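Structure first, commentary second.
On a predicted model such as this, the values are computed, not experimentally measured, just so you know.
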Amino acid sequence: MNAPDDTTRPTARYDGGTIALHWLTALLVVGLWLVGTFLEDLVPKGALRSGIWSAHFDLGFVLTGLVLAFLVWRRAGGRDLPVEDPGPLHRLAKATHAALYVLLLVIVGLGIANAFVRGVSLGPVSLPQLGDPEWRRSLTHWHGLAANLLMALALFHAVAALVHHYLWHDAVLRRMLPRRS
């Protein structure tokens, strides 16, 4: 399917808050996924690994705040852009975005549950250990599985944006890029 070439029209963009929250969330998700996926294979047991895991939990709570801020912002202050093609691709895009949000919420929910089951410290604050410590393994498994699904869906999302930009030459990707000064 070829979309109309609109490279000559001015591009309607998302607002700065939406763009910033989108890219901050994306960077944090990728960083947390890399740590969660590869840390145990790359860093031997010891203080360094423990410190990185601690930072993983800290940044997971930062991600929770970002996800909630993003959802509130999109409902309360974020700019909605007009739909250029209300057909099946738009429905697929809406479903993909909904699945990304759901997976983000599942991941942070499982991560928070895991943090409480472990009783981790978040900087100067120690969380109380709640629940059965035997839940750690299954919470970690489901958290990792959801994170892998999120990364696969995020890759699909990124590839779709690149297809829009390089093959269809429309403004879908440019709408989410920061303005150049």
Is it true that L32 and V62 fall in one hydrophobic cluster, defined by side-chain heavy atoms closer than 4.5 Å? yes

Contact check, side chains of F116 and L139, non-hydrogen atoms, under 4.5 Å: no

dist R174:CZ -> L177:CG (nearest 0.5 Å) comes out at 8.5 Å

Kindly work out whether a path of hydrophobic side-chain contacts (I/L/V/M/F/W/Y, heavy atoms less than 4.5 Å apart) joins F156 to L149. yes

May I ask you to decide if the ring planes of Y101 and H97 are parallel, tilted or perpendicular, using 30° and 60° as cut-offs? tilted

Measure the shortest side-chain to side-chain distance between V125 and F61 over non-hydrogen atoms and say whether it is less than 4.5 angstrom. no

Shortest non-hydrogen contact from S121 toward S54: O-OG, 3.8 Å

Would you kindly say whether T140 and R118 are connected by a side-chain donor-acceptor distance under 3.5 Å? yes

Measuring only between side-chain heavy atoms, which start at C-beta, is L63 closer than 4.5 Å to V67? yes

Find out if a path of hydrophobic residues (ILVMFWY) with successive side-chain heavy-atom gaps under 4.5 Å connects M176 to V29. no

Is any side-chain heavy atom of V106 closer than 4.5 Å to a side-chain heavy atom of W142? no

Is L173 reachable from L155 through a run of I, L, V, M, F, W or Y residues, each pair having side-chain heavy atoms under 4.5 Å apart? no

Find out if a path of hydrophobic residues (ILVMFWY) with successive side-chain heavy-atom gaps under 4.5 Å connects L105 to L21. yes

Could you report the tightest heavy-atom contact between G17 and W73, atom names first, then the distance? C-NE1, 3.7 Å

Heavy-atom closest pair (A99 atom, L153 atom, distance to 0.1 Å) is CB-CD2, 3.4 Å

So, taking the atom named CG in L150 and the one named NE2 in H157, what distance separates them when rounded to the nearest 0.5 Å? 10.5 Å

Do R136 and V117 make a side-chain contact, defined as non-hydrogen atoms from C-beta onward lying under 4.5 Å apart? yes

If you look at every heavy atom in F57 and G111, which pair is closest and at what distance? CE2-O, 4.2 Å

How long is the span from the CD1 atom in I19 to the CZ atom in R79, to the nearest 0.5 Å? 8.0 Å

Nearest 0.5 Å, what's the OG1-CG distance between T96 and L100? 6.5 Å

Side-chain contact test, heavy atoms from C-beta onward, threshold under 4.5 Å: evaluate it for L42 versus R49 and give yes or no. no

What distance separates L167 CG from H169 NE2, expressed to the nearest 0.5 Å? 6.5 Å

T25 versus L104: any side-chain heavy-atom pair under 4.5 Å? yes

Would you call the rings of F70 and H22 parallel, tilted or perpendicular if under 30° counts as parallel and over 60° as perpendicular? tilted

Rounded distance (nearest 0.5 Å) linking atom CH2 of W135 with atom CG of L130: 9.0 Å

